[in-house]
Amino acid sequence: MRRAAFILFLFATCAGAAELRGDAIFLCDALRQPSIKSSEATAYGKLADALAAAVGNERTRPEVARFLAVLRNPQGRSFDVAPEGNTEKIFRSVPAETITISCAPSVPQYLVEVATAALLAERIRIEHELPVMKTRAAILERASRDAEDLLKNGLAMWPWELWLNGLRLSDNDADPLFRTQWVALRPSAGIEIDLRSQSSADLQASVMLEPLGFVRYRGDSYAHWWGASLVVTSSTRRGAGIGALLRWDNYVIGLTRHKGEGSEPDSTFLMVGVDLYDLVNKKRTELKDWDAFARLRSAP
């Protein structure tokens with residue numbers, strides 16, 4: 001019983017949020033009628049003139065004069081009217097400029113006018129900022145979609161490549177995501193074909209490392225790209241080779257140069273590669289699918 005009485009006391013001593021209801025204002029838990037009309041809230045200057053006329057001689061009061069000064073030069077300020085205990089406060093976030101409206105025992109008419117002007121000014125601010133907010137929301141949505149497409153569809157990045165490309169991200173969320181991705185110390189696997197002569201044109205498996213390169217994305221979904229890289233290869237028969245490669249989506253082709261053994265001349269090799277990251281990821285997915293299939297088969 002005491003708890004219920006205490007809750008009722010709290011509701012009785014706490015003001016509800018102020019709001020406009022047509023040309024009236026709900027303030028301090030009561031519907032009040034100001035002389036300012038909603039139709040006058042078309043611009044800050046016009047609203048300030050209407051408030052000055054509505055409060056008459058009360059405009060000389062410090063809180064009214066301060067409010068009028070801010071209203072004529074708002075600079076993006078918020079005019080929200082927020083409840084706090086048994087009061088309503090304007091500019092609550094700036095204590096030095098806060099205007100407090102006490103809800104007991106009665107609210108002076110000039111403060112009703114000020115509160116009404118505050119809510120109308122807040123409406124003007126929101127209407128002015130709404131197109132900007134919509135534009136920013138669209139930009140952020142596009143940036144989020146691009147980031148998701150890059151990670152889902154783009155050339156997969158090893159951890160150190162994620163770190164390197166992450167350094168290029170802007171602190172400004174509105175800036176577009178990069179369309180060129182750096183490649184660094186990227187391992188690959190493939191085969192090399194000796195082009196020196198038809199008689200020696202054999203296939204050799206090799207491990208490749210791309211010290212530095214790039215890919216440039218085509219289209220908006222980050223699903224297609226082209227690029228180029230320096231490459232170092234190592235094969236079992238001809239040792240290390242250096243060269244360059246071209247990348248088109250997941251296809252890799254290039255040329256490498258290997259030193260000849262003993263009296264043999266140097267040889268140029270055609271290199272065809274497969275991206276090791278995608279290969280490992282594909283095999284991991286296949287193993288997961290096979291494991292799920294095996295559990296299904298073993299289920300009673």
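Along the sequence shown, residues are numbered consecutively beginning with 1. We use all heavy atoms of the structure for the numbers below, so side chains are in, but hydrogens, waters and symmetry mates are not. The structure displayed is predicted, hence computed values, not measured ones.
Put simply, Val107 and Tyr110 are part of the same group of oily side chains (I, L, V, M, F, W, Y) that touch within less than 4.5 Å, one to the next. Under a hydrophobic clustering in which Ile, Leu, Val, Met, Phe, Trp and Tyr are joined whenever their side-chain heavy atoms come within less than 4.5 Å, directly or via other members, Ile124 and Phe79 fall into the same cluster. Taking hydrophobic clusters as Ile, Leu, Val, Met, Phe, Trp and Tyr residues chained together by side-chain heavy-atom distances below 4.5 Å, Leu246 does not share a cluster with Leu255. Linking ILVMFWY side-chain heavy atoms closer than 4.5 Å, directly or via other members, places Ile253 and Ile193 in a single hydrophobic cluster. Clustering ILVMFWY residues whenever any of their side-chain heavy atoms sit less than 4.5 angstrom apart, transitively, puts Trp182 in a cluster other than the one holding Leu150.
Taking CH2 of Trp226 as the reference point, atom CZ of Arg216 lies at 8.0 Å (rounded to 0.5 Å). Expressed to the nearest 0.5 Å, how far CG of Leu209 lies from OG of Ser234 amounts to 10.5 Å. Atom CG of Leu119 and atom CD of Glu122 lie 8.0 Å apart (nearest 0.5 Å). Atom OG1 of Thr87 is separated from atom CD1 of Ile101 by 9.0 Å, given to the nearest 0.5 angstrom. Going from atom CZ of Arg123 over to atom CD1 of Ile126 covers 9.5 Å, rounded to the nearest 0.5 Å.
No donor-acceptor pair under 3.5 Å is formed between the side chain of Glu58 and the backbone N or O of Val55. Tyr222 places no side-chain N or O within donor-acceptor distance of the main-chain N or O of Ala147, the cut-off being under 3.5 Å. Not a single donor-acceptor pair under 3.5 Å links the side chain of Ser102 to the backbone N or O of Asn86. Between the side chain of Gln109 and the backbone N or O of Gln33, at least one donor-acceptor pair lies under 3.5 Å. When atom types are taken as modelled, the side chain of Glu192 and the backbone of Ser206 share no donor-acceptor pair closer than 3.5 angstrom. A donor-acceptor contact shorter than 3.5 Å is absent between the side chain of Asp23 and the backbone of Ile36.
Alongside Val232, the hydrophobic cluster contains Ile242 (criterion: ILVMFWY side chains under 4.5 Å). Here Met208 is tied into one hydrophobic group with Val231, Leu245, Val252, Met271, each link being a pair of ILVMFWY side chains closer than 4.5 Å.
Side-chain contact between Tyr251 and Val272: absent, with no pair of heavy atoms (C-beta onward) separated by less than 4.5 Å. Within the 4.5 Å cutoff, no side-chain heavy atoms of His224 are placed close to those of Tyr217. Residues Thr256 and Thr268 form no side-chain contact, since every pair of their non-hydrogen atoms from C-beta on lies 4.5 Å or further apart.
Checked against the 6.0 Å centroid threshold, Trp225 and Phe214 do not count as a close aromatic pair.
Arg168 is linked by a side chain to side chain donor-acceptor pair (under 3.5 Å) to Asn165, counting only residues two or more places apart in sequence or in another chain.
Closest of all the heavy-atom pairs between Glu113 and Ser35 is OE2-N, 2.9 Å.
Atom CD of Glu148 has 12 or fewer heavy atoms from other residues, nucleotides or ligands within 6.0 Å. For Lys152, the NZ atom is loosely surrounded, since the number of other residues' heavy atoms within 6.0 Å does not exceed 12.
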Show me the side-chain donor-acceptor pairs of residues 90-97 shorter than 3.5 Å, one per line, residues at least two apart or across chains.
from, atom 1, to, atom 2, distance (Å)
Arg92, NH1, Pro83, O, 3.3
Glu97, OE1, Arg77, NH1, 3.0
Glu97, OE1, Arg77, NH2, 2.8

Without placing hydrogens or testing angles, list every side-chain donor-acceptor pair under 3.5 Å for residues 41-53, not counting sequence neighbours.
from, atom 1, to, atom 2, distance (Å)
Tyr44, OH, Arg125, N, 3.4
Asp49, OD1, Arg72, NH1, 3.0
Asp49, OD1, Arg72, NH2, 3.3

All N/O donor-acceptor pairs, side-chain side in residues 131-142, below 3.5 Å, sequence neighbours left out:
from, atom 1, to, atom 2, distance (Å)
Thr135, OG1, Pro131, O, 2.9
Arg142, NE, Asp146, OD1, 3.2
Arg142, NE, Asp146, OD2, 3.2

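Cation-pi check for Arg186 over Trp160 is not met; the charged atom does not lie both under 6.0 angstrom from the ring centroid and within 45 degrees of its normal.
Of the charged side-chain nitrogens involved, at least one lies within less than 4.0 Å of a carboxylate oxygen, so that Asp249 and Arg218 count as a salt-bridged pair.
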